[in-house]
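Just so you know, these numbers use all the heavy atoms, side chains as well, and skip hydrogens, waters and symmetry mates. Along the sequence shown, the residues carry numbers beginning at 1.
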Amino acid sequence: MKVITSGSAYLDIDAWACCIAYAELLNLQGIPARAVSNAKPNASVSNTVLGWGAVLNDYRPTSNDEFVLVDVSDYHHFDPMVALDRVVEVIDHHPGFENHWAQTLGSAADIRPIGAAATQVFQRWKTAGLLPRISEQSAALLATAILDNTLNFTGQMTTAADIEAYAELAPHGKLTADWPEQYFLECQAAIESDMSAALAADLKRMKPESRLPEVFAQMTVWDADALIEKHRSEICRWMGGQGDDWLLNVISISQRTSCLLAEHMVSQQKLSRLLPIEWQAGLAILKPSILRKELLKLGLSVNPGG
């Protein structure tokens, strides 16, 4: 059995979609596979998405199973069920572990800069010639993951491949023209209904070599200005409880900006060393918007002495 899984902290829509859609493809190809995770979906897996009925399998891996990792390549953050010596494939778009997996898995490691891992899974469907047989559910999931991870195609990591994948998947998933706005508004409503849970659900602790604030949370909403104005004190209180060196990146789809919130000077200075940035009362606006993985790539590219 091939167990398709992702990270340990949470499942965003990209990981959720990739697990389900890739397991479906492998099963269609006659390769027994299960989409499995111990992590819970975060706010990017909205109520409507959950209503499509896609579920992870209730399956416990055995000592004979092999593991396929999607939307994650940092083995420090793999789902705890994963046996590292039985990882046979990695599909990811996050930087940092390309060399490790290239040496370990060769061509079975597909780690490259692209908007969404969902696009990589779509390409496997396409290459296999099985796209006409993809379920409506998996097509809608992959398409929505592409919307989310490319920030509605405004993100700097968006590629032509992401745009083409969405254009092909949306009809299979019966997604309407107004789905992007509906989806991001729904995510924002879920985030605002439980701010502390939303912050916890997409929070990462960064290593010193990243040159980023130690505690880094991210969320994608339709209107970041409205969210920060309404919830700033709650956000600062909760983030401060995780440590002094923190940053929140609120990506605003309608405004095509990133609103960076950091109360402490040390956190602000870390960002200012990577980007030309102006802080005003703990807030900085970047246009176009930027993702945490893009900031991580910037940080990792800085020479220690530079």
Open item on the list: Once rounded to the nearest 0.5 Å, what's the spacing between atom CG of D162 and atom CD1 of I114?
Closed with: 5.0 Å

Open item on the list: Apply side chain to side chain contact (heavy atoms under 4.5 Å, CB included) to residues S6 and D79 and explain how you reach the verdict.
Closed with: CA-CA 6 Å; S6 190; D79 191 296; over 6 Å; no

Task: Test item: S210 side-chain N/O and M206 main-chain N/O as donor-acceptor pair under 3.5 Å - done: no

TODO: Evaluate the side-chain proximity of T154 to S289: yes if any heavy-atom separation is below 4.5 Å, no if none is.
DONE: yes

Task: Transitive ILVMFWY side-chain link L131 to V121, under 4.5 Å - done: yes

TODO: Mark yes or no for whether W101, through its side chain, and S73, through its backbone, hold a donor-acceptor pair below 3.5 Å.
DONE: yes

Task: R34 CZ to I20 CD1 distance, which is reported to the nearest 0.5 Å - done: 13.5 Å

- [ ] Return yes if some donor-acceptor pair links the side-chain N/O of E98 with the main-chain N/O of G96 below 3.5 Å, else return no.
- [x] yes

Task: Polar contact flag, side-chain donor to acceptor under 3.5 angstrom, N249-Q218 - done: yes

Task: Co-membership, hydrophobic cluster, residues L300 and M157, 4.5 Å side-chain - done: no

- [ ] Taking all heavy atoms of H172 and all of A139, pick out the closest pair and write down the distance.
- [x] CB-CB, 3.5 Å

- [ ] Report the C-alpha separation of D223 and Q255 in whole Å, then their side-chain angles, then the decisive distance to 0.1 Å, and conclude whether the side-chain hydrogen bond (donor to acceptor under 3.5 Å, both in side chains) test is met.
- [x] CA-CA 7 Å; D223 184 349; Q255 296 145 337; 3.2 Å; yes

Task: Spacing of H264 atom NE2 and Q269 atom CD [to the nearest 0.5 Å] - done: 12.5 Å

- [ ] Run the numbers on K207 and H76 for side-chain hydrogen bond (donor to acceptor under 3.5 Å, both in side chains), then give the verdict.
- [x] CA-CA 12 Å; K207 295 173 184 174; H76 298 102; 3.3 Å; yes

- [ ] Report yes if some heavy atom in the side chain of I163 is under 4.5 Å from a heavy atom in the side chain of T158; otherwise report no.
- [x] yes

Open item on the list: If hydrophobic clusters are built by linking Ile, Leu, Val, Met, Phe, Trp and Tyr wherever their side-chain heavy atoms come under 4.5 Å apart, do W52 and L147 end up in the same one?
Closed with: yes

Task: Partner residues of K297 under the side-chain contact (heavy atoms from CB on, under 4.5 Å) criterion, sequence neighbours left out - done: P95, P113

TODO: Take D71 and H93 through the test side-chain hydrogen bond (donor to acceptor under 3.5 Å, both in side chains) and record every step on the way to the result.
DONE: CA-CA 7 Å; D71 197 36; H93 60 148; 3.0 Å; yes

Task: Closest heavy-atom pair and its distance - L261, L283 - done: CD1-CD1, 3.9 Å

Task: Any donor-acceptor N/O pair, S138 side chain to I134 backbone, under 3.5 Å - done: no

Open item on the list: Side-chain heavy atoms nearer than 4.5 Å, only ILVMFWY residues, links allowed to pass through others: does that put L291 and I277 together?
Closed with: no

Task: Residue pair L151 / P288, side-chain heavy-atom distance below 4.5 Å - done: no

- [ ] Apply side-chain hydrogen bond (donor to acceptor under 3.5 Å, both in side chains) to the pair W179 and T144, showing each step before the final yes or no.
- [x] CA-CA 9 Å; W179 171 240; T144 303; 3.0 Å; yes

- [ ] Check whether the side chains of S37 and W16 place a donor and an acceptor atom closer than 3.5 Å, and report yes or no.
- [x] no

Open item on the list: Between K126 and E164, does the salt bridge (Lys or Arg N to Asp or Glu O under 4.0 Å) criterion hold? Intermediate values first, please.
Closed with: CA-CA 12 Å; K126 188 88 170 169; E164 290 161 13; over 6 Å; no

- [ ] Could you check I253 against V221 for side chain to side chain contact (heavy atoms under 4.5 Å, CB included), going step by step and ending with a plain yes or no?
- [x] CA-CA 6 Å; I253 296 297; V221 299; over 6 Å; no

Open item on the list: Would you say L11 ends up clustered with L50 if hydrophobic residues are merged whenever their side chains have heavy atoms under 4.5 Å apart, either directly or through other cluster members?
Closed with: yes

Task: Under 3.5 Å donor-acceptor, T119 side chain and A165 backbone - done: no

Open item on the list: For a 4.5 angstrom cut-off between non-hydrogen side-chain atoms, does K204 reach Y10?
Closed with: yes

Task: Student check: side-chain heavy atoms of N38 and T5 closer than 4.5 Å - done: no

Task: Heavy-atom check, side chain of V266 versus side chain of D244, under 4.5 Å - done: no

Task: Neighbour count >12 (heavy atoms, 6.0 Å) for atom CZ, R205 - done: yes

Open item on the list: Once rounded to the nearest 0.5 Å, what's the spacing between atom SG of C187 and atom CG of D148?
Closed with: 6.0 Å

Task: Atom of L212, atom of L274 and distance for their closest heavy-atom approach - done: CD2-CD1, 3.6 Å

Open item on the list: How long is the straight-line distance from CH2 of W222 back to CD1 of I191, given to the nearest 0.5 Å?
Closed with: 14.0 Å

- [ ] Fit a plane to each ring of F97 and Y75, take the angle between them on a 0 to 90° scale, and name the class: parallel (under 30°), tilted (30 to 60°) or perpendicular (over 60°).
- [x] perpendicular

Task: Short side-chain donor-acceptor distance under 3.5 Å, W246 and S267 - done: no

Open item on the list: Testing the basics here: between A262 and L247, what is the closest heavy-atom pair and its distance to 0.1 Å?
Closed with: CB-CD1, 4.0 Å

- [ ] Just do the ring-ring contact (aromatic ring centres under 6.0 Å, His included) check on Y166 and F122 with the steps written out, would you?
- [x] CA-CA 9 Å; Y166 184 84; F122 158 81; over 10 Å; no

TODO: Show the numbers, then the answer: is there a side chain to side chain contact (heavy atoms under 4.5 Å, CB included) between L199 and M239?
DONE: CA-CA 8 Å; L199 291 166; M239 291 294 292; 4.2 Å; yes

Open item on the list: When you compare the side chains of E24 and S135, does any donor N or O come within less than 3.5 Å of an acceptor on the partner?
Closed with: yes

Open item on the list: I want to check something: taking the side chain as every heavy atom from C-beta on, are R273 and K270 in contact at a cut-off of under 4.5 Å?
Closed with: yes

Task: Test item: S252 side-chain N/O and A224 main-chain N/O as donor-acceptor pair under 3.5 Å - done: yes

Open item on the list: Given 3.5 Å as the limit, does a donor-acceptor pair link the side chain of Q120 with the main chain of D92, or not?
Closed with: yes

Task: Side-chain donor/acceptor of N27 to backbone N/O of A23, under 3.5 Å - done: yes

- [ ] Work out which heavy atom in S44 is nearest to a heavy atom in Y183; give both atom names and the distance.
- [x] O-OH, 2.6 Å

Open item on the list: With heavy-atom distances below 4.5 Å as the criterion, would you say the side chains of T257 and L286 are in contact?
Closed with: no

Open item on the list: Strictly by salt bridge (charged side-chain N to carboxylate O under 4.0 Å, His left out), give each pair with a member in residues 170-189 just once, sequence neighbours left out.
Closed with: E136-K174

- [ ] Give the minimum heavy-atom separation between N149 and G115, together with the two atoms involved.
- [x] CB-O, 3.3 Å

Open item on the list: Applying side chain to side chain donor-acceptor pair (under 3.5 Å), can you list everything that pairs with E294, at least two apart in sequence or on another chain?
Closed with: none

Task: SB check R124 E89 (cutoff 4.0 Å) - done: yes

Task: Check: Y59/D65 side-chain N/O donor and acceptor closer than 3.5 Å - done: yes

Task: Cation-pi geometry met for R292 and F216 (6.0 Å, 45°) - done: yes

TODO: For the pair D245 (side chain) and E214 (backbone), establish whether a donor and an acceptor sit closer than 3.5 Å, ignoring hydrogens and angles.
DONE: yes

